[in-house]
Amino acid sequence: MRFSYYEPASANEAVEILRGPHGTFKALAGGTDVLINLRRRSVAYDGLVNIKRIPGMTDWQSAPGQGLRIGAGVPFRQLETSPEVASRYPALVEAIRVIGSLQLRNLATIGGNLCNASPAADSAPALLAGRATVTYANGTGGPSTVPVEQLFVGPGRSIVGTNGLLLAVDVPEPAPMTGSCFQRFTPRDAMDIAIASACSQVTLEPGTGRIDDVAIALGAVAPTPMRAGRAEEALMGREPTPELLAQAGTLAAGECSPIDDIRGSASYRRTLVEVLVRRTLETALARALGA
Amino acid sequence: MAETSYGLSINGEWRDVASEPHHSLLEVLREELRLTGTKVGCNEGECGSCTVLLDGKPVLACLLLISDAIGRDVLTIEGLSRGGQPHPLQQNMVDLGGIQCGYCTPGIIMSSYALLQEQPDPTSEEVRQAIAGNICRCTGYTKIVDAVQRAAAEVRETRS
């Protein structure tokens, strides 16, 4: 069996190979999903396209007032260990820290996590709640930039597809008086996959203390990571009382669609969502007040 | 696919190895270089027994392709002893009973070594966090944590 390996020097070159007629190739970043799937023979490729030599893929920038731009090939550990990222995007770092292990996060990339498109992907709820956008190329015209919720098409399927290339993730600068928090539930303290996860980002109106903006995202409780729109609606413009936060939790639990599987039952997951949404809202609010 | 020569630094020594781009660093270490201290456990990034340091950072050798290790600095368990003397991490694992079957040991020591580079005086919680990606089925971790903290103290002492 011939197995090919490419190290394209540009995004265009990479997409040409991925879309090309010479076989079915897979983009390789950290390899922490791709190599596992290859070895288990759950997929068969004719070769790998190592995208890490493409300029910009492994770079990230964060400037005050300018948000966070992350090349798709940036290993998680780099973001996790940046005090600046931790202070301005606490929920993102909270989410990153629970992924796999420390050793894994020195290899695993944010782009790979997104393109693998697990419904339980931990970076997803934080990026959804942070209103991140993703930029990708698929060979037709120039790169496209879309809100991250449009990236997820179904379990294990992303809009990037098998022939496209994710280029970057952009997280907008949080407004003043914004706080965020990510929490997930797993039976083990490490090396586990979310049974349910939630991320809340809240912006308060200065002076009134009312909720000026809110985003609540859920993971592992639907075919894709999702926003809890009805819970968000119930909070908008309101004063954040404990009763209101509890109500948001209940609404979020009702609007997700978890399944029964080996990790937990659908009803247990709904219960977890109710609790995790309330808790992440509470912490996000406290952080917004402290910000 | 034809064999290619890959150059990288292993335990401070430059080596040129013949391999193919889709082989993992773990395969190359064990099969080409006969450095069998780094273990094959799950071969899918879950157990940590293949932990080595790449440019000073702990990674899983089973998931790192040799082509991504070119020109880099790799430190394996074999590189920890100096002039035949075991590193305090190794000696304390032995002395304090942090080893039973020994299979997790090289990976756990590499993770602990990386910790001590960043945090020379770790709390037991910090040690547990640092080895959270290394599974041990035998010891229950307590004596491992004790060994790492005792080794950390010894390293601090030799430096002062």
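In what follows, chains are A, B, ... by sequence order, proteins preceding strands, each numbered from 1. The figures here come from the full heavy-atom set of this structure, side chains too, leaving out hydrogens, waters and symmetry mates.
Within the 4.5 angstrom heavy-atom criterion, only side-chain atoms of A:Asn50, from C-beta onward, approach chain B. If you measure heavy-atom distances from A:Arg40 to chain B, the contacts under 4.5 Å come from the side chain alone. Contact of B:Ser67 with chain A is made through backbone and side chain together, with heavy-atom distances under 4.5 Å. Proximity to chain B is absent for every atom of A:Leu38, based on heavy atoms less than 4.5 angstrom apart.
Atom CZ of A:Arg53 has more than 12 heavy atoms from other residues, nucleotides or ligands within 6.0 Å. Remark: B:Asp16 CG is packed, more than 12 non-hydrogen atoms of other residues, nucleotides or ligands lying under 6.0 Å away.
Taking chain A as the reference chain and counting heavy-atom pairs below 4.5 Å, the highest number among B:Ser111, B:Gly48, B:Gly107, B:Pro58 is found for B:Pro58. For the options B:Leu64, B:Asn43, B:Val52, heavy-atom pairs under 4.5 Å to chain A are most numerous at B:Asn43. Looking only at heavy-atom pairs under 4.5 Å with chain B, the residue among A:Arg188, A:Arg77, A:Lys52 that has the most is A:Lys52. In terms of heavy-atom pairs under 4.5 angstrom with chain A, the leader among B:Arg128, B:Gln129, B:Glu46, B:Met110 is B:Glu46.
The shortest non-hydrogen separation linking A:Leu35 to B:Leu63 is CD1-O, 3.4 Å. Here the closest non-hydrogen pair linking A:Arg39 and B:Ser24 is NH2-CB, 3.8 Å.
A side chain to side chain contact (heavy atoms under 4.5 Å, CB included) with B:Glu44 holds for exactly one of A:Asp33, A:Thr32, A:Ile36, A:Asn37; it is A:Ile36.
The shortest distance between side-chain heavy atoms of B:Leu65 and A:Leu28 falls below 4.5 Å.
Taken from CE in A:Met191 to CG in B:Asn134, the straight-line distance is 9.0 Å, to the nearest 0.5 Å. Distance CD/B:Glu118 to OG1/A:Thr81: 8.0 Å, rounded to 0.5 Å.
Among the residues in residues 92-112 of chain A, those with a non-hydrogen atom closer than 4.5 angstrom to a non-hydrogen atom of chain B are A:Arg97, A:Ser101, A:Leu102, A:Gln103, A:Leu104, A:Asn106, A:Leu107.
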